[in-house]
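We use all heavy atoms of the structure for the numbers below, so side chains are in, but hydrogens, waters and symmetry mates are not. Chain letters run A, B, ... following the sequence lines, proteins first and then strands; every chain starts at 1.
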Amino acid sequence: MPPQSFSRLPGFRDFVPGELALRNHVFETWRRVSTRYGFHEYDGPPLEPLGLYVEKSGEEIVEQLYNFDDKGGRPVALRPEMTPTLARILAERSRGMPKPIRWFSLPQLFRYERSQRGRLREHFQLNVDIVGESGVAADAEVLAVAVDAVRGLGLGEDDFVARVNDRRLVTRVLTALGVAADRHQDCLAVIDKASRAGADATDAKLRALGLDEVATETLGGLIADGTWEHMSQRFARAPSVLEAMRPLAEHRAILDAMGLGGYVEFDFTVVRGLAYYTGIVFELFDRAGELRAICGGGRYDRLLELVGGEPLPAVGFGMGDVVLAELLRDRGLVPPEAPACDCWIVWVGDGERDLGMSLAHRLRASGYRVMYSLRPQGLGKQLKAANRAGAAYAVIIGPDEAASASATVRDLNTGIQDTRPIESLIESGLAGDHGIAAGSGTSPSLRGGRPEQEEA
RNA sequence: GUGGGCGUAGCUCAGUCGGUUAGAGCGCCGGAUUGUGGUUCCGGAGGUCGCCGGUUCGAAUCCGGUCGCCCACCCCA
């Protein structure tokens, strides 16, 4: 035992190769999908002025932040979300940029709170935003990215769903029910928590906010059955509410046209906790309802103005890696770990070692991932190691091969082997002209890559 | 920050009423095998029973504290 042992900080993760492979798999999918929609990747500092968050969310958020004073006495915080950073960056430089701005980022985010399933003190998040476009097509576009980012990992309609709502619609409903405007924010908070709090507690909270019997009952009904049909029927004679349903209808029509309608459901209880949302909001959930939200986002048309930028409408989302990884594990969608080796060099005696080193280096130079035993071992041992490393080929050099400047290439999947001149190995590759374990024509460096899971 | 559950080998776990030297499977290392891998067989290493304290002749086991993990709350980015 060392005199002192250091453990991980609570809520933080180590990424050993197997786990980093999953993280990279998720990142690669996120990047592939985001760039497919024409988004540009950006990043910002992981440390920001504390005020950037306090300004927008109030003093109580400090309790949830990793914050401290730096050596210059500046109050700072590890970023808990990316949107304020994006707003800050764009406030400085959006004026000269062509609109709409399509940016995405994969920041590591931090919060100081007790960790639980799907919620750590550190996580990575895909952030995708469109800034400078107020039309509902931008809302649909962003949601499509979110859906495809999850689909790209192999999850389908049976696995997850996007629940969509519109804050303006909820506001209209509240107004139609006679709820005073200064109570709207509080009502949103109650609706947000309704599914966890239960019907009775929710009713009690609404009454406590001064809502009358009809308003409480109506909201309770919408919370219990927050479907589009229910809304339409209940407010059939309230033109202001019907009008407020139009953007969502168009939003839905666009996603239907994309073929993503099966992933989208209206849900009156999705309002999002953050104060800065102003329009359509959404969350992605696993269908089984076992996990917390995979993703959340919506429209925030005032935020850039609030941090001193030009007044630009914006819509975006954040999708965390933790819940998503849980879901992938549950559904058996974690790709098997790819071998790190294409070819294992085997030599029989000390006399062939230098030839082996030379060949190893030349094969590496041409893009193969090459390994060999770092200490003298018997032939059987070396092949065992080659097999364990997942190598596709073993290249064997013994006195016979050395004498003729050749090597024996053994296909470790089939056991077929063939002795060929070393120069020919370098020139035409290990598969050679014989089609041993016939490659698909990809370059050696791509061999052994993880199987892609392409959506249809 | 609050409440509850759980901490035994790298992993998953067993361990009787408090009783001798704490076990299994998997994994790891070595050997069977000095020109041919995967299977098999044999052997080995690895534990302060999370940590600290208490009760006891004796603690993995009982009690208290503490740390960590999990679950719920709070909060939700």
Side-chain angles (χ1 to χ4, degrees), chain A residues 1 4-13 16 18 48 52-53 56-58 60-66 77-86 107-127 189 192-193 196-197 201 270-277 281 283 290 292-298 300 303 316-323 326 344 346-352 373 376-402 407-417 419:
Chain A
M1 276 294 260
Q4 195 180 4
S5 67
F6 299 99
S7 52
R8 248 184 358 251
L9 253 23
F12 285 79
R13 296 171 288 175
V16 296
E48 291 275 16
L52 183 60
Y53 307 112
K56 296 292 99 48
S57 314
E60 64 277 12
I61 195 128
V62 176
E63 295 304 312
Q64 310 268 353
L65 290 175
Y66 247 104
L78 288 166
R79 60 187 176 196
E81 56 167 331
M82 199 57 176
T83 307
T85 296
L86 174 66
Q108 187 174 26
L109 305 177
F110 306 85
R111 55 190 154 211
Y112 195 90
E113 61 176 7
R114 182 168 283 193
S115 58
Q116 46 188 298
R117 180 165 155 109
R119 204 114 195 263
L120 306 172
R121 287 185 172 178
E122 150 274 321
H123 69 141
F124 291 89
Q125 207 181 56
L126 169 64
N127 268 250
D192 185 38
K193 293 181 176 66
R196 295 182 293 272
V270 171
V271 296
R272 307 285 297 150
L274 279 186
Y276 56 60
Y277 289 111
V281 291
E283 292 182 343
E290 292 160 353
R292 57 183 71 238
I294 301 165
C295 167
Y300 53 97
L303 187 60
F317 69 82
M319 178 183 297
D321 70 315
V322 179
V323 174
E326 299 252 8
W344 195 279
V346 174
W347 56 88
V348 176
D350 288 347
E352 293 87 52
S373 299
Q377 283 182 319
L379 185 60
K381 259 290 161 48
Q382 294 183 66
L383 284 167
K384 198 185 194 102
N387 187 64
R388 196 201 298 230
Y393 300 100
V395 175
I396 303 164
I397 304 172
D400 299 343
E401 287 89 349
T408 298
V409 179
R410 180 178 179 83
D411 183 317
L412 291 172
N413 295 313
T414 63
I416 295 169
Q417 61 183 43
T419 302

Using purine N1 to pyrimidine N3 plus N6-O4 or O6-N4 for Watson-Crick, or N1-O2 and O6-N3 for G-U wobble, each under 3.5 Å, what pairs with U39(B)?
none
Rounded to whole Å, the CG-C1' distance (Leu383(A) to U34(B)) equals 14 Å
Could you tell me how far G19(B) sits from G58(B) if I compare only their C1' atoms? Round to whole Å.
7 Å
Any donor-acceptor N/O pair, Arg79(A) side chain to Gln108(A) backbone, under 3.5 Å:
yes
Within the structure, does a side-chain N or O atom of Lys381(A) lie under 4.0 Å from either OP1 or OP2 of G31(B)?
yes
Need one value for Gln382(A): base, sugar-phosphate or nothing, where a base atom within 4.0 Å counts as base even if backbone is also close, heavy atoms only.
nothing
Between G3(B) and G47(B), how far is it from one P atom to the other, in whole Å?
37 Å
Checking G35(B), A77(B), C75(B) against the side chain of Glu113(A) (C-beta onward), the nearest is C75(B)
Mind checking Gly378(A) for me? I need base, sugar-phosphate or nothing, with any heavy atom below 4.0 Å counting as a touch.
nothing
What does Gly118(A) touch in the nucleic acid at a heavy-atom separation under 4.0 angstrom: a base, only the sugar-phosphate, or nothing?
nothing
Of U36(B), A77(B), C75(B), the nucleotide closest to the side chain of Lys193(A) is C75(B)
Classify the nucleic acid contact of Gly349(A) as base, sugar-phosphate or nothing, counting any heavy atom under 4.0 Å across all strands shown.
nothing
Checking Gln382(A) side chain against Trp347(A) main chain: does a donor-acceptor pair fall under 3.5 Å?
yes
Compute both the distance and the angle, then confirm whether Arg121(A) meets the cation-pi test with Tyr112(A): under 6.0 Å from the six-membered ring centre, within 45 degrees of the axis.
yes
Looking for any heavy atom pair under 4.0 Å, which part of the strands does Ser115(A) touch: base, sugar-phosphate only, or nothing?
sugar-phosphate
Could you identify the nucleotide paired to C17(B), looking across every strand shown and requiring Watson-Crick or G-U wobble geometry with both distances under 3.5 Å?
none
Determine whether a donor-acceptor pair (N or O, by modelled atom type, separation under 3.5 Å) exists between the side chain of Arg111(A) and the backbone of Leu120(A).
yes
For G25(B), give the paired nucleotide (Watson-Crick: N1-N3 plus N6-O4 or O6-N4; G-U: N1-O2 and O6-N3; both under 3.5 Å), or none.
C11(B)
Quick check on U36(B): is either OP1 or OP2 less than 4.0 Å from any side-chain nitrogen or oxygen of Thr408(A)?
no
Taking pairing as Watson-Crick or G-U wobble with both contacts under 3.5 Å, can you name the mate of C69(B), or confirm there isn't one?
G5(B)
So does Arg119(A) get a side-chain nitrogen or oxygen closer than 4.0 Å to the phosphate oxygens (OP1/OP2) of A77(B)?
no
Verify the contact: side-chain N or O of Arg410(A) to OP1 or OP2 of G38(B), cut-off strictly under 4.0 Å; return yes or no.
no
Does Gln417(A) get its side chain close enough to the base of G35(B), under 3.5 Å, for a donor-acceptor pair?
no
Base, sugar-phosphate or nothing for Asp400(A)? Non-hydrogen atoms, less than 4.0 Å.
base
So what does Leu412(A) hit on the nucleic acid, given a heavy-atom distance under 4.0 Å: a base, only sugar-phosphate, or nothing?
base
Have a look at Glu352(A) and say if it touches a base, only the backbone sugar-phosphate, or nothing, with a 4.0 Å heavy-atom cut-off.
nothing
Checking Arg410(A) side chain against Tyr393(A) main chain: does a donor-acceptor pair fall under 3.5 Å?
no
Expressed as a whole number of angstroms, how long is the span from Leu120(A):CG to G68(B):P?
15 Å
If I pick the C1' atom on G27(B) and the same atom on C17(B), what distance separates them, to the nearest angstrom?
35 Å
Does a nitrogen or oxygen in the side chain of Lys384(A) sit under 4.0 Å from OP1 or OP2 of U33(B)?
no
Between C29(B) and G46(B), how far apart are the P atoms? Round to whole Å, please.
16 Å
Can you find a side chain N or O atom of Arg388(A) that sits less than 4.0 Å from OP1 or OP2 on C29(B)?
yes
5'-most contact on RNA chain B: Gly11(A) or Glu401(A), nearest heavy atom basis?
Glu401(A)
First locate atom CD of Glu81(A), then atom CG of Leu109(A), and finally report the distance between them rounded to the nearest 0.5 Å.
8.0 Å
Gap in Å between the two P atoms, one belonging to U12(B) and one to C73(B), rounded:
26 Å
